[in-house]
Amino acid sequence: MTLPYQRFPFQRALQGIKESGFEYVAWGTKHVEKLGEEPLPLLPIEAPPHSAKQLAQQCRDLGLEPVMMFSTVYPEDKNALSKLASRIRQAGAAGIRQVLTFGHSEGSNLRIWIERLRKLAPIAGDHQVILVIKQHGGATGTGQACAQIVREVDHANIRINYDAGNVMDYLDIDPIQDIQACADLVRSFCIKDHRNWPQDEDCGPGFGQIDHYRLLHTVGFTGRDLPLCCENVFAPLVSPPSTPEDVDKLASRAREFLATVISGIQRQPNE
(Lines give C-alpha, C1' and ligand atoms only; values in the text may rest on other atoms or scores of the structure.)
Protein backbone atom coordinates (compact mmCIF):
# COMPACT_ATOMS: atom_id res chain seq x y z
CA MET A 1 0.00 0.00 0.00
CA THR A 2 1.03 3.61 -0.43
CA LEU A 3 -0.23 4.12 3.15
CA PRO A 4 3.20 3.69 4.83
CA TYR A 5 4.40 6.54 2.60
CA GLN A 6 1.64 8.98 3.57
CA ARG A 7 4.21 11.49 4.90
CA PHE A 8 5.67 11.69 1.39
CA PRO A 9 4.34 12.45 -2.12
CA PHE A 10 2.29 9.82 -3.95
CA GLN A 11 4.77 9.65 -6.82
CA ARG A 12 7.62 9.01 -4.37
CA ALA A 13 5.54 6.26 -2.78
CA LEU A 14 5.09 4.58 -6.15
CA GLN A 15 8.79 4.84 -6.93
CA GLY A 16 9.73 3.33 -3.58
CA ILE A 17 7.24 0.50 -3.91
CA LYS A 18 8.47 -0.36 -7.40
CA GLU A 19 12.12 -0.19 -6.39
CA SER A 20 11.35 -2.45 -3.43
CA GLY A 21 10.43 -5.19 -5.88
CA PHE A 22 6.64 -4.96 -5.97
CA GLU A 23 4.57 -5.27 -9.15
CA TYR A 24 1.23 -4.32 -7.61
CA VAL A 25 0.02 -1.42 -5.50
CA ALA A 26 -2.94 -0.50 -3.31
CA TRP A 27 -3.85 3.15 -2.82
CA GLY A 28 -3.67 4.66 0.64
CA THR A 29 -5.84 7.57 1.71
CA LYS A 30 -3.65 10.68 1.97
CA HIS A 31 -0.20 11.95 1.03
CA VAL A 32 1.93 14.99 1.85
CA GLU A 33 2.64 16.45 -1.57
CA LYS A 34 4.69 19.44 -0.36
CA LEU A 35 7.11 19.45 2.58
CA GLY A 36 5.59 21.06 5.67
CA GLU A 37 2.00 20.85 4.46
CA GLU A 38 -0.82 18.67 5.77
CA PRO A 39 -1.62 15.38 3.99
CA LEU A 40 -4.21 15.72 1.23
CA PRO A 41 -6.70 13.07 0.08
CA LEU A 42 -5.25 11.07 -2.77
CA LEU A 43 -8.63 10.84 -4.48
CA PRO A 44 -11.59 12.82 -3.08
CA ILE A 45 -14.88 10.94 -2.96
CA GLU A 46 -16.49 13.50 -5.25
CA ALA A 47 -13.72 13.29 -7.87
CA PRO A 48 -14.90 12.18 -11.33
CA PRO A 49 -14.01 8.65 -12.45
CA HIS A 50 -11.49 9.93 -14.98
CA SER A 51 -9.38 11.28 -12.08
CA ALA A 52 -9.04 7.73 -10.78
CA LYS A 53 -8.16 6.55 -14.28
CA GLN A 54 -5.35 9.12 -14.42
CA LEU A 55 -3.98 7.98 -11.05
CA ALA A 56 -4.07 4.39 -12.24
CA GLN A 57 -2.14 5.34 -15.36
CA GLN A 58 0.44 7.05 -13.15
CA CYS A 59 0.92 3.69 -11.43
CA ARG A 60 1.07 1.71 -14.65
CA ASP A 61 3.60 4.09 -16.16
CA LEU A 62 5.96 2.94 -13.40
CA GLY A 63 5.13 -0.73 -13.92
CA LEU A 64 2.73 -1.07 -10.96
CA GLU A 65 -0.74 -2.52 -11.36
CA PRO A 66 -3.27 -1.00 -8.88
CA VAL A 67 -5.39 -3.72 -7.26
CA MET A 68 -7.25 -2.07 -4.38
CA MET A 69 -8.29 1.34 -3.00
CA PHE A 70 -9.66 2.53 0.33
CA SER A 71 -13.22 3.82 0.26
CA THR A 72 -12.69 6.05 3.35
CA VAL A 73 -16.43 5.56 3.98
CA TYR A 74 -18.12 3.60 6.77
CA PRO A 75 -21.14 1.60 5.46
CA GLU A 76 -23.34 3.05 8.20
CA ASP A 77 -22.51 6.69 7.43
CA LYS A 78 -25.42 8.93 6.48
CA ASN A 79 -24.49 9.23 2.81
CA ALA A 80 -22.69 5.90 2.53
CA LEU A 81 -24.73 4.67 -0.44
CA SER A 82 -23.87 7.57 -2.71
CA LYS A 83 -20.28 7.80 -1.49
CA LEU A 84 -19.52 4.10 -1.85
CA ALA A 85 -21.19 4.08 -5.26
CA SER A 86 -18.86 6.92 -6.25
CA ARG A 87 -15.86 4.90 -5.09
CA ILE A 88 -17.04 1.89 -7.07
CA ARG A 89 -17.35 4.00 -10.23
CA GLN A 90 -13.88 5.44 -9.64
CA ALA A 91 -12.41 1.96 -9.18
CA GLY A 92 -14.17 0.68 -12.28
CA ALA A 93 -12.78 3.53 -14.38
CA ALA A 94 -9.28 2.88 -13.01
CA GLY A 95 -9.44 -0.86 -13.63
CA ILE A 96 -9.09 -1.50 -9.88
CA ARG A 97 -10.95 -4.63 -8.88
CA GLN A 98 -11.38 -4.11 -5.13
CA VAL A 99 -12.71 -1.28 -2.96
CA LEU A 100 -12.10 -1.62 0.77
CA THR A 101 -14.49 -0.52 3.50
CA PHE A 102 -14.87 -1.18 7.24
CA GLY A 103 -16.89 -0.05 10.25
CA HIS A 104 -16.47 1.99 13.41
CA SER A 105 -14.15 0.39 15.96
CA GLU A 106 -16.74 0.86 18.72
CA GLY A 107 -19.57 -0.89 16.91
CA SER A 108 -21.65 -1.01 13.75
CA ASN A 109 -25.32 -1.25 12.79
CA LEU A 110 -25.29 -4.60 11.05
CA ARG A 111 -28.83 -4.30 9.70
CA ILE A 112 -27.91 -1.09 7.89
CA TRP A 113 -24.75 -2.75 6.58
CA ILE A 114 -26.74 -5.58 5.05
CA GLU A 115 -29.40 -3.29 3.54
CA ARG A 116 -26.83 -1.00 1.97
CA LEU A 117 -24.48 -3.70 0.77
CA ARG A 118 -27.40 -5.37 -1.01
CA LYS A 119 -28.03 -2.13 -2.88
CA LEU A 120 -24.35 -1.60 -3.67
CA ALA A 121 -23.69 -5.17 -4.84
CA PRO A 122 -25.28 -4.85 -8.32
CA ILE A 123 -23.51 -1.50 -8.85
CA ALA A 124 -20.22 -3.19 -8.02
CA GLY A 125 -21.11 -6.00 -10.42
CA ASP A 126 -21.83 -3.54 -13.22
CA HIS A 127 -18.34 -2.03 -12.80
CA GLN A 128 -16.54 -5.37 -12.29
CA VAL A 129 -15.53 -4.36 -8.77
CA ILE A 130 -15.64 -6.33 -5.53
CA LEU A 131 -16.51 -4.36 -2.40
CA VAL A 132 -14.51 -6.01 0.38
CA ILE A 133 -15.14 -5.47 4.09
CA LYS A 134 -12.47 -5.91 6.72
CA GLN A 135 -12.29 -6.22 10.48
CA HIS A 136 -11.97 -2.99 12.47
CA GLY A 137 -13.10 -3.74 16.01
CA GLY A 138 -16.65 -3.50 17.34
CA ALA A 139 -19.43 -5.63 15.87
CA THR A 140 -17.42 -6.27 12.69
CA GLY A 141 -14.14 -6.97 14.48
CA THR A 142 -13.74 -10.59 13.40
CA GLY A 143 -13.74 -12.51 10.17
CA GLN A 144 -16.60 -14.58 11.54
CA ALA A 145 -18.74 -11.46 12.02
CA CYS A 146 -17.90 -10.17 8.54
CA ALA A 147 -18.72 -13.57 7.07
CA GLN A 148 -22.20 -13.49 8.60
CA ILE A 149 -22.85 -10.16 6.88
CA VAL A 150 -21.48 -11.30 3.52
CA ARG A 151 -23.45 -14.55 3.58
CA GLU A 152 -26.66 -12.69 4.33
CA VAL A 153 -26.02 -10.20 1.50
CA ASP A 154 -25.33 -13.22 -0.74
CA HIS A 155 -23.76 -11.53 -3.77
CA ALA A 156 -20.49 -12.37 -5.54
CA ASN A 157 -19.35 -8.72 -5.52
CA ILE A 158 -19.46 -8.40 -1.72
CA ARG A 159 -16.60 -10.27 -0.08
CA ILE A 160 -14.05 -10.11 2.77
CA ASN A 161 -10.64 -8.53 3.13
CA TYR A 162 -8.83 -10.15 6.05
CA ASP A 163 -6.82 -8.00 8.48
CA ALA A 164 -5.20 -10.33 11.00
CA GLY A 165 -3.48 -7.44 12.78
CA ASN A 166 -6.78 -5.73 13.49
CA VAL A 167 -8.37 -8.93 14.79
CA MET A 168 -5.53 -9.36 17.26
CA ASP A 169 -5.24 -5.64 18.07
CA TYR A 170 -8.84 -4.59 18.71
CA LEU A 171 -10.29 -7.78 20.19
CA ASP A 172 -7.21 -9.82 21.19
CA ILE A 173 -8.57 -12.80 19.24
CA ASP A 174 -6.36 -15.36 17.54
CA PRO A 175 -6.65 -14.62 13.80
CA ILE A 176 -5.47 -18.12 12.88
CA GLN A 177 -8.63 -19.56 14.44
CA ASP A 178 -10.86 -16.71 13.30
CA ILE A 179 -9.99 -16.90 9.60
CA GLN A 180 -11.29 -20.48 9.48
CA ALA A 181 -14.83 -19.05 9.69
CA CYS A 182 -14.46 -16.88 6.59
CA ALA A 183 -11.64 -18.31 4.44
CA ASP A 184 -14.02 -19.19 1.60
CA LEU A 185 -15.06 -15.52 1.35
CA VAL A 186 -11.62 -13.88 1.58
CA ARG A 187 -10.56 -12.09 -1.60
CA SER A 188 -7.63 -10.01 -0.26
CA PHE A 189 -5.59 -9.17 2.83
CA CYS A 190 -4.55 -6.02 4.62
CA ILE A 191 -1.18 -7.28 5.76
CA LYS A 192 -0.04 -6.08 9.15
CA ASP A 193 1.41 -7.92 12.11
CA HIS A 194 0.81 -7.23 15.80
CA ARG A 195 2.59 -7.55 19.11
CA ASN A 196 1.04 -7.69 22.58
CA TRP A 197 4.50 -7.67 24.21
CA PRO A 198 6.56 -5.79 25.22
CA GLN A 199 3.97 -3.26 24.17
CA ASP A 200 0.68 -3.34 22.30
CA GLU A 201 1.33 -2.20 18.72
CA ASP A 202 0.90 -3.01 15.07
CA CYS A 203 3.98 -3.62 12.94
CA GLY A 204 5.21 -4.99 9.63
CA PRO A 205 4.81 -8.68 8.72
CA GLY A 206 7.29 -10.93 10.49
CA PHE A 207 7.95 -8.44 13.29
CA GLY A 208 4.94 -9.52 15.35
CA GLN A 209 3.32 -12.58 16.85
CA ILE A 210 1.06 -13.66 13.98
CA ASP A 211 2.06 -16.89 12.23
CA HIS A 212 1.80 -15.93 8.55
CA TYR A 213 2.52 -19.47 7.45
CA ARG A 214 -0.64 -20.71 9.15
CA LEU A 215 -2.59 -17.60 8.19
CA LEU A 216 -1.89 -17.81 4.45
CA HIS A 217 -1.97 -21.60 4.29
CA THR A 218 -5.68 -21.28 5.08
CA VAL A 219 -6.30 -19.77 1.63
CA GLY A 220 -3.16 -20.93 -0.16
CA PHE A 221 -4.85 -23.65 -2.20
CA THR A 222 -8.11 -21.95 -3.20
CA GLY A 223 -6.93 -21.20 -6.73
CA ARG A 224 -7.88 -17.55 -6.28
CA ASP A 225 -5.65 -14.52 -6.87
CA LEU A 226 -5.51 -12.82 -3.46
CA PRO A 227 -3.80 -9.43 -3.16
CA LEU A 228 -1.63 -9.18 -0.04
CA CYS A 229 -1.61 -5.43 0.57
CA CYS A 230 0.97 -4.30 3.13
CA GLU A 231 -0.73 -1.68 5.28
CA ASN A 232 2.07 -1.59 7.83
CA VAL A 233 5.75 -2.33 7.21
CA PHE A 234 7.21 -0.60 10.29
CA ALA A 235 9.37 -2.14 13.00
CA PRO A 236 8.03 -2.30 16.57
CA LEU A 237 9.48 -0.41 19.53
CA VAL A 238 11.30 2.17 17.40
CA SER A 239 10.22 5.47 15.86
CA PRO A 240 8.67 5.41 12.37
CA PRO A 241 11.15 6.10 9.57
CA SER A 242 11.78 9.76 8.87
CA THR A 243 12.86 9.40 5.23
CA PRO A 244 11.27 7.66 2.25
CA GLU A 245 14.47 5.68 1.77
CA ASP A 246 13.99 4.11 5.19
CA VAL A 247 10.41 3.20 4.27
CA ASP A 248 11.78 1.63 1.08
CA LYS A 249 14.02 -0.67 3.12
CA LEU A 250 11.13 -1.81 5.29
CA ALA A 251 8.89 -2.29 2.25
CA SER A 252 11.54 -4.44 0.60
CA ARG A 253 11.89 -6.48 3.77
CA ALA A 254 8.11 -7.02 3.98
CA ARG A 255 7.99 -8.21 0.36
CA GLU A 256 10.87 -10.61 0.89
CA PHE A 257 9.27 -12.01 4.03
CA LEU A 258 5.91 -12.61 2.34
CA ALA A 259 7.56 -14.08 -0.75
CA THR A 260 9.46 -16.51 1.46
CA VAL A 261 6.30 -17.53 3.31
CA ILE A 262 4.33 -18.03 0.10
CA SER A 263 7.12 -20.05 -1.50
CA GLY A 264 7.25 -22.32 1.53
CA ILE A 265 3.49 -22.82 1.66
CA GLN A 266 3.31 -23.71 -2.02
CA ARG A 267 5.81 -26.51 -1.47
CA GLN A 268 3.63 -28.12 1.18
CA PRO A 269 0.72 -30.48 0.56
CA ASN A 270 -2.76 -29.11 1.08
CA GLU A 271 -3.88 -30.85 4.24
Side-chain angles (χ1 to χ4, degrees), residues 1-6 9-18 20 22-31 33 39-75 80-102 116-117 119-134 136 146 150 153 155-163 185-192 219 224-232 251 255 258:
M1 290 186 183
T2 67
L3 194 64
Y5 290 88
Q6 65 181 350
F10 179 64
Q11 181 69 15
R12 178 59 183 82
L14 297 180
Q15 292 170 351
I17 291 168
K18 180 62 178 178
S20 298
F22 291 90
E23 298 179 16
Y24 301 91
V25 64
W27 294 351
T29 57
K30 296 180 179 180
H31 285 276
E33 293 300 333
L40 297 174
L42 176 62
L43 183 67
I45 292 172
E46 64 275 9
H50 72 78
S51 295
K53 186 176 182 179
Q54 290 172 346
L55 281 176
Q57 190 59 51
Q58 188 175 344
C59 298
R60 294 183 179 114
D61 286 344
L62 281 175
L64 291 170
E65 182 64 26
V67 295
M68 188 170 74
M69 60 183 280
F70 276 86
S71 70
T72 69
V73 181
Y74 292 136
L81 274 177
S82 62
K83 290 179 177 179
L84 285 169
S86 176
R87 288 304 198 198
I88 289 168
R89 287 190 290 270
Q90 290 171 342
I96 294 176
R97 296 302 169 221
Q98 296 194 21
V99 173
L100 176 68
T101 188
F102 48 87
R116 292 179 175 175
L117 290 175
K119 292 177 181 178
L120 289 164
I123 301 173
D126 288 343
H127 291 275
Q128 299 182 343
V129 170
I130 298 176
L131 187 61
V132 289
I133 62 175
K134 78 163 181 169
H136 197 242
C146 291
V150 170
V153 173
H155 194 286
N157 292 82
I158 306 296
R159 287 294 183 259
I160 289 174
N161 171 286
Y162 200 79
D163 189 327
L185 300 171
V186 170
R187 294 298 181 271
S188 58
F189 285 77
C190 280
I191 294 289
K192 70 163 75 79
V219 296
R224 298 191 295 264
D225 290 331
L226 302 171
L228 309 182
C229 305
C230 295
E231 183 177 328
N232 189 322
R255 183 192 60 77
L258 290 170

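Side-chain atoms of Thr2 come within 3.5 Å of backbone N or O of Gly28 as a donor-acceptor pair. Between the Ser71 side chain and the Leu84 main chain, no donor and acceptor come within less than 3.5 Å of each other. Arg97 places a side-chain N or O within donor-acceptor distance of the main-chain N or O of Gln128, the cut-off being under 3.5 Å.
No more than 12 heavy atoms of other residues, nucleotides or ligands shown are found within 6.0 angstrom of NZ on Lys53. Annotation for Asp61: atom CG counts as buried by contact number, over 12 foreign heavy atoms lying within 6.0 Å.
The structure places CG of Asn232 at 11.0 Å from CD1 of Ile191, a figure rounded to the nearest 0.5 Å. Rounded to the nearest 0.5 Å, atoms NE2 (His31) and OG1 (Thr29) are 7.5 Å apart. To the nearest 0.5 Å, atom CG of residue Leu185 and atom SG of residue Cys146 are 10.0 Å apart. Between Leu117 atom CG and Ile158 atom CD1 the span is 5.0 Å, to the nearest 0.5 Å. Summarising the geometry, atom NZ belonging to Lys134 is positioned 3.5 Å from atom CD belonging to Glu231; distances are rounded to the nearest 0.5 Å. With rounding to the nearest 0.5 angstrom, the SG atom of Cys230 is 9.5 Å from the CD1 atom of Ile17.
Residues Pro66 and Arg60 have side chains in contact (heavy-atom distance under 4.5 Å, counting atoms from C-beta outward). In this structure, the side chains of Tyr162 and Val219 stay at 4.5 Å or more apart for every pair of heavy atoms. Between Met68 and Met1 the shortest side-chain heavy-atom distance falls below 4.5 Å. Looking at heavy atoms from C-beta onward, Pro39 lies out of side-chain contact with Gln6 at the 4.5 angstrom threshold. Between Pro75 and Arg116, the closest side-chain pair of non-hydrogen atoms is not below 4.5 Å. Residues Trp27 and Cys59 are in side-chain contact: their nearest non-hydrogen atoms beyond the backbone lie under 4.5 Å apart. Looking at Met69 and Leu42, their side chains never come closer than 4.5 Å, going by heavy atoms from C-beta outward. You'll find the side chain of Arg89 reaches within 4.5 Å of the side chain of His127, heavy atoms only.
Of all heavy-atom pairs between Asp163 and Lys192, the closest is OD2-NZ, 2.6 Å. The shortest non-hydrogen separation linking Phe70 to Leu3 is CZ-CD2, 4.3 Å. The minimum heavy-atom distance linking Gly92 with Val129 is given by the pair N-CG2, 3.8 Å. The shortest heavy-atom contact between Ile88 and Ala124 is CG2-CA, 3.7 Å. Heavy atoms only, all atoms of each residue included: Ala52 and Leu43 are closest at CB-CD2, 3.7 Å. The heavy-atom pair separating Gly16 from Ser20 by the smallest distance is O-OG, 2.7 Å.
Residues passing the side-chain hydrogen bond (donor to acceptor under 3.5 Å, both in side chains) test with Ser188, sequence neighbours excluded: Gln98, Asn161.
Ring geometry for His136 versus Tyr74: interplanar angle of 30 to 60°, hence tilted.
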Subject >> Verdict with reasoning, Leu120 to Leu81, per side-chain contact (heavy atoms from CB on, under 4.5 Å) >> reply: CA-CA 7 Å; Leu120 289 164; Leu81 274 177; 3.8 Å; yes

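A donor and an acceptor atom, one from each side chain of Arg87 and Gln90, are located under 3.5 Å apart.
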